[in-house]
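Working notes for the structure below.
These numbers come from the heavy atoms of this one structure, side chains and all, not from hydrogens, waters or symmetry mates. Chain A is the first sequence line, chain B the second, and so forth, proteins listed ahead of strands; every chain is numbered from 1.
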Amino acid sequence: MRHWLIKSEPDVFGIDHLAKVKQEPWSGVRNYQARNYMRDEMKPGDLALFYHSNATPPGSVGVAKVVGAPYPDPTQFDPESEYYDPKSTKENPRWILVDFEFVAKFPTEVPLQQMKDDAALEGMMVLQKGTRLSITPVEAKHFKRVCKLGGWKA
DNA sequence: GCCAACGTTGGC
DNA sequence: GCCAACGTTGGC
């Protein structure tokens with residue numbers, strides 16, 4: 001099993017939203033590298049840290065699980081959607097997503113600053129300067145460490 | 001609101 | 001294929 005980190009803005013879709021709806025298509029990703037992770041590398045059962053960006057403070061707030069197989073992001077075909085992509089066709093869809101299922105909300109949030117200050121998390125991709133990727137792979141040891149800091153045990 | 005970092009676009 | 005211009009991300 002692999003581990004990931006997925007960013008979302010809590011004003012748009014936060015961990016509480018996921019807890020409420022239980023499952024959500026991860027739509028709106030318009031970055032090829034992030035798409036490739038979902039399309040080619042994520043497997044059902046993979047766990048992801050749920051990270052709040054553009055938040056006060058930003059940080060890891062819970063865990064979500066990949067469910068099902070990848071499929072085309074429906075918002076790319078919807079002219080009314082802000083994620084509409086006129087260059088994408090149903091025959092050859094450009095944007096592929098997976099669904100995430102709610103697993104847990106951390107009893108304690110793990111702010112970005114705490115993650116940066118934690119020696120055990122050194123080298124984590126999301127902590128590298130200039131990393132804007134909304135989906136990044138996470139090493140198992142880093143995943144476990146963040147969960148521990150969040151006061152959550154699988 | 002600022003701005004560094006970085007991805008994308010489009011002219012050539 | 002190069003690269004300047006532009007747009008977006010996201011922390012602060």
Nearest-angstrom distance from the residue atom CZ of A:R94 to P of B:dT9: 7 Å

Protein-nucleotide distance (A:H52, atom NE2; C:dG11, atom C1'), rounded to Å: 16 Å

Worked verdict on A:R30 versus A:D73 for salt bridge (Lys or Arg N to Asp or Glu O under 4.0 Å): CA-CA 10 Å; A:R30 294 295 179 267; A:D73 181 343; 3.1 Å; yes

Listed partners of A:E101 passing salt bridge (charged side-chain N to carboxylate O under 4.0 Å, His left out), at least two apart: A:K65

I'd like a table of donor-acceptor pairs (distance under 3.5 Å, sequence neighbours excluded) in which one partner is a side-chain atom from residues 144-152 of chain A, with atom names and distances.
residue, atom, partner, partner atom, Å
A:R145, NE, A:D118, OD1, 3.4
A:R145, NE, A:D118, OD2, 3.0
A:R145, NH2, A:D118, OD2, 2.8

A:S88 and A:Q76: side chain donor to acceptor below 3.5 Å: yes

Spacing between A:K7 atom NZ and C:dG10 atom C1', to the nearest angstrom: 7 Å

Strand-adjacent residues in residues 119-138 of chain A, judged by heavy atoms under 4.0 Å from DNA chain C: A:R132

Atom-to-atom span, CG of A:N31 to P of C:dT9 - whole angstrom: 10 Å

N or O in side chain of A:Y51 less than 4.0 angstrom from C:dG11 OP1/OP2: yes

Spacing of A:N54 atom CG relative to B:dA4 atom C1', expressed in whole Å: 15 Å

Sidechain-backbone polar pair: A:D46 side chain, A:M1 backbone, donor-acceptor under 3.5 Å: no

Between B:dT8 (P) and A:D85 (CG): distance, integer Å: 12 Å

Interatomic distance where CD belongs to A:E9 and C1' belongs to C:dT8 [whole Å]: 11 Å

Short side-chain N/O contact from A:K116 to OP1 or OP2 of C:dC12, under 4.0 Å: yes

Verdict with supporting geometry, A:Y51 and A:S8, side chain to side chain contact (heavy atoms under 4.5 Å, CB included): CA-CA 6 Å; A:Y51 178 91; A:S8 191; over 6 Å; no

